[in-house]
Amino acid sequence: MTETGFAVDMAQVEDVRAAVRRYAAAWLAGDIVQMAACYHDDFTLHYAGRNPLSGVHRGKQAAFAALAEVARRANRKLLGIDDVMAGARRGAILVRELFSRDGKTAELERLLVYSVKDGLLLDCWVYDRDQATVDMFFAD
């Protein structure tokens with residue numbers, strides 16, 4: 001047990017860290033093939049907000065379709081990865097992205113929280129610092 005009252009399996013932490021770092025490295029390199037290889041077949045993407053992309057996109061293909069629509073609507077560009085975090089149950093990437101559409105641009109801070117299974121990303125919950133701006137970019 002630790003001071004916080006729960007045991008931490010460091011092997012699990014390292015497995016999560018490795019999966020999230022592998023994905024972050026592929027994203028930084030712009031390697032879409034390697035990024036896709038990081039997703040579990042049962043991958044589920046969770047988008048918050050009040051926009052047409054809000055909700056749950058279950059399965060790798062549904063998630064890819066949602067991500068393609070995000071790219072189309074927001075012309076997103078990764079500006080940088082500020083941090084990669086890992087615990088025994090979840091990993092996270094804190095990123096900065098640039099969205100642009102119809103002459104408008106916004107730099108956004110986003111937190112992507114992942115669960116990992118079999119060394120692959122199983123789920124992603126996307127938390128945006130400025131959800132209203134994201135909703136505007138994702139609107140019809």
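Computed from a prediction, not measured in an experiment: that's the story for all the values here. Position 1 is the first residue of the sequence, and the numbers go up from there. Just so it is clear, the values below take in all heavy atoms, side chains as well, and ignore hydrogens, waters and symmetry mates.
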Identify every side-chain donor-acceptor pair in residues 80-90 under 3.5 Å, counting partners at least two apart or on other chains, and give the distances.
{"residue": "D82", "atom": "OD1", "partner": "R96", "partner atom": "NE", "Å": "3.0"}
{"residue": "D82", "atom": "OD1", "partner": "R96", "partner atom": "NH2", "Å": "3.3"}
{"residue": "D82", "atom": "OD2", "partner": "R96", "partner atom": "NE", "Å": "3.1"}

Legend entry - Atom pair CZ (R21) and CG (L28), whose distance is rounded to the nearest 0.5 Å: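 Spacing of CZ (R21) from CG (L28) equals 12.0 Å.
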
Starting from [Y], can I reach [X] by hopping between I/L/V/M/F/W/Y residues whose side chains sit under 4.5 Å apart?
X	Y	answer
L121	L111	no
L112	W125	no
V116	V126	yes
V113	V13	no

Please tabulate, for side-chain N and O atoms in residues 34-47, each donor-acceptor pair with protein atoms closer than 3.5 Å (sequence neighbours left out).
{"residue": "Y39", "atom": "OH", "partner": "Y23", "partner atom": "OH", "Å": "2.8"}
{"residue": "H40", "atom": "ND1", "partner": "D42", "partner atom": "N", "Å": "3.0"}
{"residue": "T44", "atom": "OG1", "partner": "D42", "partner atom": "O", "Å": "3.4"}

Please enumerate all residues that pass side chain to side chain donor-acceptor pair (under 3.5 Å) together with [X], with sequence neighbours excluded.
X	result
T105	none
R17	E14
D9	none
Q12	none

Inset, instruction - Identify, with sequence neighbours excluded, every residue that meets side-chain contact (heavy atoms from CB on, under 4.5 Å) alongside D130. - result: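 Per chain and number, D130 pairs via side-chain contact (heavy atoms from CB on, under 4.5 Å) with L108, A132, T133.
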
Below 4.5 Å, heavy atoms only, C-beta onward: do [X] and [Y] meet side chain to side chain?
X	Y	answer
L120	L122	no
L78	W27	yes
V16	Y114	no

Inset, instruction - Locate the shortest heavy-atom distance separating A19 from G119; write the atom from each residue and the value. - result: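 For A19 and G119, the tightest heavy-atom pair comes out as CB-O, 3.6 Å.
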
Legend entry - Nearest atoms (heavy-atom pairs only) where V20 meets I93: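 The answer is CG1-CG1, 3.4 Å.
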
Legend entry - By salt bridge (Lys or Arg N to Asp or Glu O under 4.0 Å) - contacts of R101 (at least two apart):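 None.
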
Legend entry - By salt bridge (Lys or Arg N to Asp or Glu O under 4.0 Å) - contacts of D15 (at least two apart):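 Listed in chain order: nothing, the list is empty.
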
Indicate every side-chain donor-acceptor pair of residues 67-74 with a distance under 3.5 Å to a residue at least two apart or in another chain.
{"residue": "E69", "atom": "OE1", "partner": "R72", "partner atom": "NE", "Å": "3.2"}
{"residue": "E69", "atom": "OE2", "partner": "R72", "partner atom": "NE", "Å": "3.1"}
{"residue": "E69", "atom": "OE2", "partner": "R72", "partner atom": "NH2", "Å": "2.6"}
{"residue": "E69", "atom": "OE2", "partner": "R73", "partner atom": "NE", "Å": "2.6"}
{"residue": "E69", "atom": "OE2", "partner": "R73", "partner atom": "NH2", "Å": "3.3"}
{"residue": "R73", "atom": "NH1", "partner": "F138", "partner atom": "O", "Å": "2.5"}
{"residue": "R73", "atom": "NH1", "partner": "A139", "partner atom": "O", "Å": "3.3"}
{"residue": "R73", "atom": "NH1", "partner": "D140", "partner atom": "OD1", "Å": "3.0"}
{"residue": "R73", "atom": "NH2", "partner": "D140", "partner atom": "OD1", "Å": "3.0"}

Inset, instruction - Take R76 and R110 through the side chain to side chain contact (heavy atoms under 4.5 Å, CB included) test and state the conclusion after the steps. - result: CA-CA 12 Å; R76 71 193 274 215; R110 312 182 85 200; 4.0 Å; yes

Sequence neighbours left out, cut at 3.5 Å: what donor-acceptor pairs do the side chains of residues 52-59 make with other protein atoms?
{"residue": "S54", "atom": "OG", "partner": "A48", "partner atom": "O", "Å": "3.1"}
{"residue": "S54", "atom": "OG", "partner": "G49", "partner atom": "O", "Å": "2.8"}
{"residue": "S54", "atom": "OG", "partner": "R50", "partner atom": "N", "Å": "3.4"}
{"residue": "S54", "atom": "OG", "partner": "N51", "partner atom": "N", "Å": "3.1"}
{"residue": "S54", "atom": "OG", "partner": "N51", "partner atom": "O", "Å": "3.2"}
{"residue": "S54", "atom": "OG", "partner": "N51", "partner atom": "ND2", "Å": "3.3"}
{"residue": "H57", "atom": "NE2", "partner": "L53", "partner atom": "O", "Å": "2.8"}

Legend entry - Remaining members of hydrophobic cluster (4.5 Å side-chain criterion), L98: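 Reading the cluster by chain and number, L98 sits alongside L79.
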
